[in-house]
Amino acid sequence: GTLLALFLACGASAQGDAEISGVIAQLRAEPEAAARIELVKSLNRPPLRGPRAYQTLAETMESDLSDTVRLAAAKAVATWPGGEPLERLDKFLKAETGAMTRRDLILALSTEPAHAGNPDATRMLAELLLDDPSPAVRRGAAVGLALRGDITAVGAARKAAASDPDKDVRAVAAKAVAVMEKPRTQAKKKAAPPPPKADAVKGKDKCSPPYGWCECGYPVIKTPPKCLTREDCKHLFINSYRRNSLSCDWDGQDMETTE
(Lines give C-alpha, C1' and ligand atoms only; values in the text may rest on other atoms or scores of the structure.)
Protein backbone atom coordinates (compact mmCIF):
# COMPACT_ATOMS: atom_id res chain seq x y z
CA GLY A 1 0.00 0.00 0.00
CA THR A 2 2.80 2.40 0.93
CA LEU A 3 4.74 1.59 -2.25
CA LEU A 4 1.62 2.09 -4.38
CA ALA A 5 0.94 5.46 -2.74
CA LEU A 6 4.55 6.51 -3.32
CA PHE A 7 4.37 5.38 -6.94
CA LEU A 8 1.15 7.33 -7.53
CA ALA A 9 2.59 10.44 -5.85
CA CYS A 10 5.70 10.28 -8.04
CA GLY A 11 3.53 9.82 -11.09
CA ALA A 12 1.39 12.81 -10.19
CA SER A 13 4.50 14.91 -9.54
CA ALA A 14 5.98 13.95 -12.91
CA GLN A 15 2.70 14.78 -14.62
CA GLY A 16 2.61 18.17 -12.88
CA ASP A 17 6.20 18.91 -13.90
CA ALA A 18 5.40 18.05 -17.50
CA GLU A 19 2.31 20.28 -17.43
CA ILE A 20 4.09 23.33 -16.05
CA SER A 21 7.01 22.79 -18.43
CA GLY A 22 4.55 22.78 -21.30
CA VAL A 23 2.90 26.03 -20.16
CA ILE A 24 6.28 27.73 -19.68
CA ALA A 25 7.35 26.64 -23.17
CA GLN A 26 4.09 27.98 -24.60
CA LEU A 27 4.57 31.30 -22.82
CA ARG A 28 8.04 31.72 -24.28
CA ALA A 29 6.95 30.79 -27.79
CA GLU A 30 3.51 32.44 -28.01
CA PRO A 31 3.54 35.49 -30.35
CA GLU A 32 0.19 36.98 -29.22
CA ALA A 33 0.24 39.17 -26.11
CA ALA A 34 -3.35 38.32 -25.17
CA ALA A 35 -2.54 34.61 -25.21
CA ARG A 36 0.58 35.15 -23.12
CA ILE A 37 -1.49 37.01 -20.53
CA GLU A 38 -3.78 33.98 -20.22
CA LEU A 39 -0.74 31.72 -19.77
CA VAL A 40 0.58 34.08 -17.08
CA LYS A 41 -2.75 33.82 -15.25
CA SER A 42 -2.73 30.02 -15.47
CA LEU A 43 0.77 29.90 -13.96
CA ASN A 44 -0.50 31.84 -10.96
CA ARG A 45 -3.40 29.44 -10.28
CA PRO A 46 -3.41 25.93 -8.82
CA PRO A 47 -2.24 23.39 -9.73
CA LEU A 48 0.58 25.22 -11.54
CA ARG A 49 1.26 27.91 -8.92
CA GLY A 50 4.54 27.11 -7.21
CA PRO A 51 8.27 28.01 -7.17
CA ARG A 52 8.85 27.33 -10.88
CA ALA A 53 5.77 29.33 -11.81
CA TYR A 54 6.86 32.22 -9.59
CA GLN A 55 10.30 32.34 -11.16
CA THR A 56 8.81 32.31 -14.64
CA LEU A 57 6.36 35.07 -13.74
CA ALA A 58 9.16 37.24 -12.35
CA GLU A 59 11.28 36.70 -15.49
CA THR A 60 8.29 37.53 -17.69
CA MET A 61 7.66 40.71 -15.71
CA GLU A 62 11.23 41.79 -16.28
CA SER A 63 11.73 40.83 -19.91
CA ASP A 64 8.51 40.50 -21.94
CA LEU A 65 8.31 42.96 -24.85
CA SER A 66 4.62 43.74 -24.26
CA ASP A 67 3.73 46.25 -21.55
CA THR A 68 0.37 44.52 -20.94
CA VAL A 69 2.08 41.16 -20.43
CA ARG A 70 4.69 42.70 -18.13
CA LEU A 71 1.88 44.26 -16.11
CA ALA A 72 -0.05 40.98 -15.89
CA ALA A 73 3.09 39.16 -14.74
CA ALA A 74 3.91 41.91 -12.22
CA LYS A 75 0.40 41.75 -10.76
CA ALA A 76 0.83 37.99 -10.43
CA VAL A 77 4.18 38.41 -8.67
CA ALA A 78 2.50 40.89 -6.29
CA THR A 79 0.19 38.12 -5.05
CA TRP A 80 3.18 36.29 -3.55
CA PRO A 81 3.87 37.30 0.07
CA GLY A 82 7.27 38.04 1.53
CA GLY A 83 10.25 40.28 0.97
CA GLU A 84 11.70 38.70 -2.17
CA PRO A 85 8.66 39.45 -4.38
CA LEU A 86 8.59 43.03 -3.07
CA GLU A 87 12.28 43.47 -3.86
CA ARG A 88 11.72 42.34 -7.43
CA LEU A 89 8.67 44.56 -7.77
CA ASP A 90 10.65 47.51 -6.41
CA LYS A 91 13.39 46.97 -9.01
CA PHE A 92 10.77 46.54 -11.73
CA LEU A 93 9.01 49.80 -10.83
CA LYS A 94 12.30 51.68 -10.96
CA ALA A 95 13.28 50.17 -14.33
CA GLU A 96 9.90 50.02 -16.12
CA THR A 97 9.60 52.76 -18.75
CA GLY A 98 5.81 52.61 -19.16
CA ALA A 99 4.22 55.13 -16.80
CA MET A 100 0.76 53.57 -17.04
CA THR A 101 2.23 50.15 -16.32
CA ARG A 102 3.89 51.53 -13.19
CA ARG A 103 0.70 53.30 -12.13
CA ASP A 104 -1.54 50.27 -12.60
CA LEU A 105 0.87 48.03 -10.70
CA ILE A 106 1.01 50.53 -7.83
CA LEU A 107 -2.78 50.53 -7.53
CA ALA A 108 -2.87 46.72 -7.58
CA LEU A 109 -0.09 46.45 -4.99
CA SER A 110 -1.72 48.97 -2.65
CA THR A 111 -4.71 46.68 -2.01
CA GLU A 112 -3.04 43.28 -2.48
CA PRO A 113 -3.87 41.10 0.57
CA ALA A 114 -0.45 39.39 0.38
CA HIS A 115 1.18 42.66 1.46
CA ALA A 116 -1.50 44.21 3.64
CA GLY A 117 0.17 45.84 6.60
CA ASN A 118 3.66 45.28 5.16
CA PRO A 119 5.68 48.47 5.84
CA ASP A 120 8.00 47.75 2.92
CA ALA A 121 5.09 47.97 0.47
CA THR A 122 4.08 51.30 2.03
CA ARG A 123 7.67 52.54 1.79
CA MET A 124 7.77 51.66 -1.93
CA LEU A 125 4.64 53.70 -2.60
CA ALA A 126 5.95 56.64 -0.56
CA GLU A 127 9.21 56.67 -2.53
CA LEU A 128 7.34 56.62 -5.83
CA LEU A 129 5.11 59.47 -4.65
CA LEU A 130 8.18 61.62 -4.07
CA ASP A 131 10.54 60.44 -6.80
CA ASP A 132 8.70 59.09 -9.86
CA PRO A 133 9.02 61.43 -12.87
CA SER A 134 5.43 60.81 -14.05
CA PRO A 135 2.60 62.82 -12.46
CA ALA A 136 0.20 59.95 -13.26
CA VAL A 137 2.37 57.55 -11.28
CA ARG A 138 2.72 59.98 -8.38
CA ARG A 139 -1.06 60.41 -8.31
CA GLY A 140 -1.42 56.63 -8.33
CA ALA A 141 1.03 56.36 -5.44
CA ALA A 142 -0.95 58.95 -3.45
CA VAL A 143 -4.18 57.03 -4.10
CA GLY A 144 -2.44 53.80 -3.09
CA LEU A 145 -1.23 55.30 0.18
CA ALA A 146 -4.73 56.56 0.93
CA LEU A 147 -6.11 53.06 0.28
CA ARG A 148 -3.56 51.54 2.65
CA GLY A 149 -4.12 54.22 5.29
CA ASP A 150 -0.69 53.57 6.81
CA ILE A 151 0.23 56.52 9.03
CA THR A 152 3.95 55.83 8.55
CA ALA A 153 3.73 57.40 5.08
CA VAL A 154 2.08 60.62 6.23
CA GLY A 155 5.38 62.52 6.05
CA ALA A 156 5.83 61.71 2.37
CA ALA A 157 2.20 62.54 1.64
CA ARG A 158 2.49 65.90 3.43
CA LYS A 159 5.62 66.75 1.47
CA ALA A 160 3.91 65.91 -1.83
CA ALA A 161 0.80 67.86 -0.83
CA ALA A 162 2.93 70.93 -0.13
CA SER A 163 5.51 70.89 -2.90
CA ASP A 164 4.73 68.53 -5.80
CA PRO A 165 4.92 70.51 -9.08
CA ASP A 166 1.63 68.97 -10.29
CA LYS A 167 -1.51 70.49 -8.74
CA ASP A 168 -3.49 67.24 -9.14
CA VAL A 169 -0.80 65.31 -7.30
CA ARG A 170 -0.85 67.92 -4.53
CA ALA A 171 -4.63 67.59 -4.24
CA VAL A 172 -4.63 63.77 -4.10
CA ALA A 173 -1.72 63.75 -1.65
CA ALA A 174 -3.63 66.15 0.62
CA LYS A 175 -6.58 63.77 0.59
CA ALA A 176 -4.22 60.90 1.42
CA VAL A 177 -2.94 62.87 4.43
CA ALA A 178 -6.52 63.38 5.63
CA VAL A 179 -7.26 59.66 5.28
CA MET A 180 -4.10 58.61 7.08
CA GLU A 181 -4.68 61.01 9.95
CA LYS A 182 -8.39 60.22 10.29
CA PRO A 183 -7.98 57.18 12.62
CA ARG A 184 -6.23 59.46 15.13
CA THR A 185 -8.92 62.12 15.22
CA GLN A 186 -12.20 60.40 14.43
CA ALA A 187 -14.69 59.99 17.25
CA LYS A 188 -15.07 56.60 18.77
CA LYS A 189 -18.06 54.67 17.54
CA LYS A 190 -20.82 54.23 20.06
CA ALA A 191 -20.94 50.77 21.50
CA ALA A 192 -23.91 48.66 20.50
CA PRO A 193 -26.57 48.50 23.21
CA PRO A 194 -26.42 45.38 25.38
CA PRO A 195 -29.09 42.72 24.85
CA PRO A 196 -32.17 43.36 26.95
CA LYS A 197 -32.94 41.39 30.08
CA ALA A 198 -35.15 38.38 29.43
CA ASP A 199 -37.61 39.66 32.04
CA ALA A 200 -37.45 43.35 31.02
CA VAL A 201 -40.53 45.32 32.12
CA LYS A 202 -41.99 48.07 29.95
CA GLY A 203 -41.91 51.41 31.74
CA LYS A 204 -39.18 50.23 34.08
CA ASP A 205 -36.38 48.82 31.91
CA LYS A 206 -34.75 50.26 28.81
CA CYS A 207 -35.49 48.72 25.41
CA SER A 208 -33.08 50.52 23.05
CA PRO A 209 -32.77 50.09 19.26
CA PRO A 210 -32.48 47.71 17.53
CA TYR A 211 -34.89 46.32 20.15
CA GLY A 212 -38.47 47.42 20.72
CA TRP A 213 -41.54 46.41 22.72
CA CYS A 214 -43.42 43.49 21.17
CA GLU A 215 -47.02 43.26 22.43
CA CYS A 216 -49.38 40.46 21.41
CA GLY A 217 -52.94 39.43 22.26
CA TYR A 218 -56.49 40.53 21.65
CA PRO A 219 -57.27 44.24 21.26
CA VAL A 220 -58.32 44.43 24.90
CA ILE A 221 -56.22 41.69 26.53
CA LYS A 222 -52.48 41.77 25.88
CA THR A 223 -49.64 39.49 26.96
CA PRO A 224 -46.80 41.16 28.89
CA PRO A 225 -44.63 43.17 26.43
CA LYS A 226 -41.30 41.60 25.45
CA CYS A 227 -38.20 43.57 24.47
CA LEU A 228 -37.33 42.02 21.10
CA THR A 229 -35.92 42.93 17.70
CA ARG A 230 -38.52 43.60 15.02
CA GLU A 231 -37.53 40.33 13.29
CA ASP A 232 -38.00 38.31 16.48
CA CYS A 233 -41.39 39.91 17.13
CA LYS A 234 -42.48 39.10 13.57
CA HIS A 235 -41.31 35.51 14.01
CA LEU A 236 -43.22 35.18 17.27
CA PHE A 237 -46.37 36.56 15.65
CA ILE A 238 -46.24 34.30 12.59
CA ASN A 239 -45.36 31.11 14.43
CA SER A 240 -47.38 31.46 17.62
CA TYR A 241 -50.03 34.14 17.78
CA ARG A 242 -51.46 34.52 14.28
CA ARG A 243 -52.62 30.89 14.15
CA ASN A 244 -54.71 31.65 17.22
CA SER A 245 -56.21 34.81 15.67
CA LEU A 246 -54.18 37.08 17.94
CA SER A 247 -52.41 40.26 16.79
CA CYS A 248 -48.97 41.62 17.58
CA ASP A 249 -47.40 45.03 17.26
CA TRP A 250 -43.78 46.12 17.63
CA ASP A 251 -43.28 49.69 18.83
CA GLY A 252 -46.73 50.49 17.49
CA GLN A 253 -46.25 48.75 14.13
CA ASP A 254 -48.85 46.08 13.31
CA MET A 255 -47.02 42.87 12.42
CA GLU A 256 -49.90 41.77 10.23
CA THR A 257 -49.58 44.71 7.87
CA THR A 258 -45.80 45.33 7.90
CA GLU A 259 -43.33 43.39 5.80
Side-chain angles (χ1 to χ4, degrees), residues 1-128 132 137 140-141 143-150:
T2 303
L3 289 175
L4 178 59
L6 182 62
F7 174 77
L8 292 174
C10 291
S13 176
Q15 184 179 1
D17 288 344
E19 185 177 1
I20 193 170
S21 295
V23 173
I24 291 171
Q26 275 185 278
L27 177 61
R28 290 171 177 165
E30 175 57 52
E32 296 294 329
R36 295 202 301 281
I37 289 173
E38 292 306 311
L39 291 167
V40 162
K41 291 178 180 178
S42 69
L43 283 172
N44 204 39
R45 292 193 296 257
L48 300 183
R49 183 177 163 103
R52 281 188 70 194
Y54 167 76
Q55 187 60 35
T56 302
L57 292 168
E59 291 170 357
T60 303
M61 170 184 74
E62 294 159 355
S63 63
D64 198 279
L65 297 178
S66 166
D67 56 353
T68 57
V69 177
R70 291 195 303 276
L71 176 60
K75 286 181 176 180
V77 170
T79 66
W80 289 74
E84 205 276 341
L86 278 181
E87 288 179 13
R88 295 189 84 150
L89 289 168
D90 195 16
K91 291 178 182 177
F92 171 77
L93 285 165
K94 290 173 179 174
E96 171 61 38
T97 58
M100 295 302 100
T101 300
R102 298 198 304 277
R103 183 203 63 185
D104 290 351
L105 176 57
I106 285 169
L107 293 173
L109 178 62
S110 66
T111 56
E112 173 52 52
H115 303 290
N118 189 325
D120 290 333
T122 301
R123 174 191 55 76
M124 286 169 55
L125 297 179
E127 289 178 356
L128 289 161
D132 197 280
V137 174
V143 170
L145 289 173
L147 290 170
R148 291 181 73 79
D150 189 338

*H115 side chain vs A78 backbone, donor-acceptor pair below 3.5 Å*: yes
_Which residue in the set K91, R70, R102, R88 passes salt bridge (charged side-chain N to carboxylate O under 4.0 Å, His left out) when paired with E96?_
R70
Please find the pair of heavy atoms, one from [X] and one from [Y], that lie closest to each other, and give the distance.
| X | Y | value |
| --- | --- | --- |
| V77 | P85 | O-CB, 3.9 Å |
| L107 | G140 | CD2-O, 3.6 Å |
| D17 | I20 | O-CG2, 3.3 Å |
| V23 | S42 | CG1-OG, 3.8 Å |

Gap separating the [atom1] atom of [X] from the [atom2] atom of [Y], nearest 0.5 angstrom:
| X | Y | atom1 | atom2 | value |
| --- | --- | --- | --- | --- |
| D150 | L125 | CG | CG | 9.5 Å |
| D104 | T68 | CG | OG1 | 11.0 Å |
| R148 | N118 | CZ | CG | 7.0 Å |
| L86 | M124 | CG | CE | 5.5 Å |
| T97 | D67 | OG1 | CG | 8.5 Å |
| L147 | E112 | CG | CD | 13.0 Å |

*Take T122 and L145, measure what side chain to side chain contact (heavy atoms under 4.5 Å, CB included) needs, and give me the verdict at the end.*
CA-CA 7 Å; T122 301; L145 289 173; 3.9 Å; yes
*Is the closest side-chain donor-acceptor distance between R52 and S21 under 3.5 Å?*
yes
*Pair R36, T60: side-chain N/O donor-acceptor within cut-off below 3.5 Å*: no
*After noting the C-alpha distance and the side-chain angles of L89 and M61, does the key distance pass the side chain to side chain contact (heavy atoms under 4.5 Å, CB included) rule?*
CA-CA 9 Å; L89 289 168; M61 170 184 74; 3.7 Å; yes
Side chains of [X] and [Y]: does their closest heavy-atom pair fall under 4.5 Å?
| X | Y | answer |
| --- | --- | --- |
| N44 | K75 | no |
| R28 | E59 | yes |
| L57 | W80 | yes |
| S110 | V143 | no |

_Apply side chain to side chain contact (heavy atoms under 4.5 Å, CB included) to residues I37 and L71 and explain how you reach the verdict._
CA-CA 9 Å; I37 289 173; L71 176 60; over 6 Å; no
